[in-house]
2 protein chains.
Amino acid sequence: MDANQLWGRRLKQARLAAGLSQKSLGITAGIDPFVASTRINRYELGVHKPDLLTASNLAKTLGVPLAFFYAEEDDMADLIYRYSKADTEAKAQVVQLLAASPGLAE
Amino acid sequence: MDANQLWGRRLKQARLAAGLSQKSLGITAGIDPFVASTRINRYELGVHKPDLLTASNLAKTLGVPLAFFYAEEDDMADLIYRYSKADTEAKAQVVQLLAASPGLAE
DNA sequence: TACAATGCTACGAATTACGTAGTATCTGAA
DNA sequence: TTCAGATACTACGTAATTCGTAGCATTGTA
């Protein structure tokens, strides 16, 4: 599976979970109604890739973090999604657990 | 800060942590040595945005998950990085902790 | 059967990134 | 000091990619 196709698969998964059509997703995300269906379809099939602003708007519409779309491993995608939905306490526990792991220096 | 600039800031952060120059990062990631510096520089400043394959190669070279570059919040970037560096046991604990949070339906 | 909704695609135009060919600045060695 | 190499950065024209237009095919349903 190529990178664009994986990206599209994650978009489609989030869209279906939200119960939206390709067209309505695009429109809600601010894409011109006359081309919304066309563009979302191409993103999902991995034919084209949207710019960051469009991707961010799609993520907001679908209630997932932008980074979710770019996860290369399924467990990473799951982590990103679940963390974003977790309550404050659970997030704090995760942060504490991972505090032992090294952060990015500099 | 615009989305491309944030992306570039994360790339730069990871590059500096790895102790590489813009040129050497690009070369190691497989970019033509004659244009590596130019391209990495434009990515870091948010002038241009690389395609997914290039971004993935940069992530591999720097030892960060691809999704790290696309995190919109700093705590999300930190989560993604630390999780990727955590040992198997710590990852399992995180997964268990977040199992209470809802996953993405469908 | 009709018709609306949905998913999908070829084509030319518009947008974006790329490669070329540099400049400016800094640091270390002679 | 001066020179050379390394580093970060940028204007310009070309090449590559996405966009908008204008559709087609299939499914469900009134």
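Every chain is numbered from 1 and lettered A, B, ... according to where its sequence line falls, protein lines coming before strand lines.
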Checklist entry - Is any NZ, NE, NH1 or NH2 atom of the basic residue among A:D74 and A:R10 found under 4.0 Å from an Asp or Glu carboxylate oxygen of the other? => result yes

Next on the checklist: Ignoring hydrogens and geometry beyond distance, is a side-chain donor-acceptor pair present between A:T54 and A:D51 at under 3.5 Å?
Outcome noted: yes

Next on the checklist: Side chains of A:Y43 and A:N4: any donor to acceptor distance under 3.5 Å?
Outcome noted: no

Checklist entry - Do the charged groups of A:E44 and A:R9 touch, with an N to O distance under 4.0 Å? => result no

Next on the checklist: Are B:K85 and B:K91 packed together at the side-chain level, in the sense that at least one heavy-atom pair is separated by less than 4.5 angstrom?
Outcome noted: no

Item to check | Polar side-chain atom of A:S56 near backbone of A:L52 as donor-acceptor pair, under 3.5 Å | outcome: no

Item to check | ring pair (Phe, Tyr, Trp, His ring centres under 6.0 Å): pairs with one or both residues in residues 3-27 of chain A, sequence neighbours excluded | outcome: A:W7-A:F69, A:W7-A:Y70

Checklist outcome for this item: Contact string for nucleotides 3-20 of chain C, one letter per nucleotide 5' to 3', B = base within protein heavy-atom range under 4.0 Å, S = sugar-phosphate only, - = neither, reads ---SBBBB------BBBB

Item to check | Angle between terminal axes - the helix from C:dT1-D:dA30 to C:dA30-D:dT1, 5 pairs each end, rounded to 10° | outcome: 30°

